[in-house]
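By convention here, the first residue in the shown sequence is residue 1.
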Amino acid sequence: MVTMATHVITGAGSGIGAAVARRLHARGDELVLHARDAGRAKELAAAFPGARTLVGDLADPDRLSWAFSHQTLPDRVDSLLHVAGVVDLGGVGELTPKAWHHQLNVNLVAPAELTRHFLPQLRLSQGHVLFVNSGAGLHAHAEWGAYAASKHGLKALADSLRHEEHGNGVRVTSVYPGRTASPMQAKVHQQEGKEYDPAKWIDPESVATTIVMALDLPRDAEVNDLTVRPGR
């Protein structure tokens, strides 16, 4: 009997995360979907029948360990997909410590903490950790300082993890999408005071295609960094 892969996914409620979850769910893989609270977990379970859920607030990474200690973690993890993220634009002279902490916690510290929790299972399965980063993780622009700092940090986390875990057979990939049609992009346009037209940006399904490709690559190769940009 063929054993289906088990994927732990954050951000599966919308955008890129939902597109990836749909692909993996449709082919029969096992999903463990992270949710920030019980209500969101119920919504995800209804959207993906048969999927398990894991509840914990990424905005409060100090409490993730406590939250997970009261839940059953999967014995096997073939991939850990960090897709969830938040963005709050503002100049360095305007952003408060609260805005900095929120973006750093959700976009950087929480992925590090989740990775720490699931590394034992990933080592056993010689699994895959995939970080959905951003173009802002490579280049910082005005008003994007806090978000870009969190994403630059995420790149450093992925690079360090890759060197640390290569000998254990754990693959690590960073994907850097350009602007993608999603609720986050709608929020960014609102903050920028611009009209939002999703047709101008990358379809989340296109990013999902690149992510699944990286996961399915034969074991003789590994995608380290993958940049995806709008094609029109």
Side-chain angles (χ1 to χ4, degrees), residues 7-12 15-17 19-20 34 58-59 61 64 77 79-92 95 97 99-119 122-123 126-180 182 184-185 187-188 201-202 204 206-215 217 221-230:
H7 311 277
V8 177
I9 309 174
T10 72
I16 295 170
V20 173
H34 171 271
L58 300 183
L64 285 175
V77 175
S79 82
L80 172 58
L81 308 179
H82 297 286
V83 190
V86 295
V87 58
D88 288 300
L89 303 185
V92 174
L95 289 174
W100 280 91
H101 285 305
H102 183 58
Q103 293 178 83
L104 288 168
N105 281 343
V106 174
N107 297 343
L108 176 57
V109 182
E113 178 67 349
L114 282 172
T115 301
R116 182 177 73 87
H117 273 279
F118 288 110
L119 262 180
L122 288 160
R123 288 167 177 159
Q126 291 194 321
H128 203 141
V129 184
L130 189 144
F131 298 90
V132 174
N133 200 297
S134 166
L138 299 172
H139 307 283
H141 298 284
E143 308 294 322
W144 288 78
Y147 180 75
S150 70
K151 291 299 189 177
H152 274 66
L154 193 67
K155 179 185 186 301
L157 168 62
D159 290 348
S160 294
L161 182 68
R162 185 179 301 112
H163 287 296
E164 293 170 4
E165 297 299 326
H166 182 77
N168 294 321
V170 177
R171 298 196 290 191
V172 179
T173 298
S174 288
V175 179
Y176 302 89
R179 294 203 180 204
T180 303
S182 66
M184 176 184 281
Q185 192 56 232
K187 178 183 178 182
V188 167
W201 309 117
I202 305 170
S206 298
V207 182
T209 296
T210 67
I211 290 172
V212 174
M213 177 276 292
L215 294 177
L217 200 67
E222 173 185 7
V223 174
N224 292 166
D225 298 284
L226 184 59
T227 300
V228 186
R229 288 289 178 264

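- Among pairs with a residue in residues 154-178, none fulfils ring pair (Phe, Tyr, Trp, His ring centres under 6.0 Å), at least two apart in sequence or across chains.
- Every residue two or more places apart in sequence or in another chain that forms a ring pair (Phe, Tyr, Trp, His ring centres under 6.0 Å) with Trp144 is listed here: Tyr147.
- For Ala156, the side-chain contact (heavy atoms from CB on, under 4.5 Å) criterion is met by no residue, not counting sequence neighbours.
- With sequence neighbours excluded, the residues that form a side-chain hydrogen bond (donor to acceptor under 3.5 Å, both in side chains) with Thr209 are Arg23.
- Within the 4.5 Å cutoff, the side chain of Val170 has heavy atoms near those of the Arg123 side chain.
- Looking at Val172 and Glu164, their side chains never come closer than 4.5 Å, going by heavy atoms from C-beta outward.
- Scored by the side-chain hydrogen bond (donor to acceptor under 3.5 Å, both in side chains) test, Arg162 finds Asp159 as partners (sequence neighbours excluded).
- The minimum heavy-atom distance linking Ala110 with Val106 is given by the pair CB-O, 4.0 Å.
- The closest side-chain heavy-atom distance from Arg171 to Leu217 is below 4.5 Å.
- When all heavy atoms of Val87 and Gln103 are compared, the closest pair comes out as CA-OE1, 3.6 Å.
- Between the CG atom of Asn168 and the CG atom of Leu122 there is a distance of 10.5 Å, given to the nearest 0.5 Å.
- Annotation: side chain of Leu58 is in contact with side chain of His34 (closest heavy-atom distance under 4.5 Å).
- Residues meeting the salt bridge (Lys or Arg N to Asp or Glu O under 4.0 Å) test with Glu113, sequence neighbours left out: Arg116.
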Would you sort out whether Leu161 and Thr115 count as a side chain to side chain contact (heavy atoms under 4.5 Å, CB included), showing the intermediate values? CA-CA 9 Å; Leu161 182 68; Thr115 301; 3.8 Å; yes
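- Applying the side-chain hydrogen bond (donor to acceptor under 3.5 Å, both in side chains) rule to Ser150 yields the partners Asn107; only residues at least two apart in sequence or on another chain are considered.
- What you find for Ala208 and Ala19 is that their closest heavy atoms are CB-CB, 3.7 Å.
- Residues passing the side-chain hydrogen bond (donor to acceptor under 3.5 Å, both in side chains) test with Ser174, sequence neighbours excluded: none.
- Listed by chain and number, the residues in a ring pair (Phe, Tyr, Trp, His ring centres under 6.0 Å) with His117 are Phe68 (sequence neighbours excluded).
- Applying the salt bridge (Lys or Arg N to Asp or Glu O under 4.0 Å) test to every pair with at least one member in residues 101-110, sequence neighbours left out, gives no pairs at all.
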Going by atom type alone, with no hydrogens or angles, which donor-acceptor pairs under 3.5 Å involve a side-chain atom of residues 126-140 and a protein atom two or more places apart or on another chain?
from, atom 1, to, atom 2, distance (Å)
His128, NE2, Thr173, OG1, 2.8
Asn133, ND2, Lys151, O, 3.0
Ser134, OG, Ala136, N, 3.0

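- To the nearest 0.5 Å, the span separating CG on Leu89 from CG on Leu95 amounts to 8.5 Å.
- The minimum heavy-atom distance linking Ala59 with Asn105 is given by the pair O-ND2, 3.3 Å.
- The shortest non-hydrogen separation linking Val109 to Pro61 is CG1-CG, 3.6 Å.
- Counting only heavy atoms from C-beta outward, the side chains of Ile16 and Pro177 approach each other to under 4.5 Å.
- Applying the salt bridge (Lys or Arg N to Asp or Glu O under 4.0 Å) test to Asp88 and every residue at least two apart in sequence or in another chain returns Lys187.
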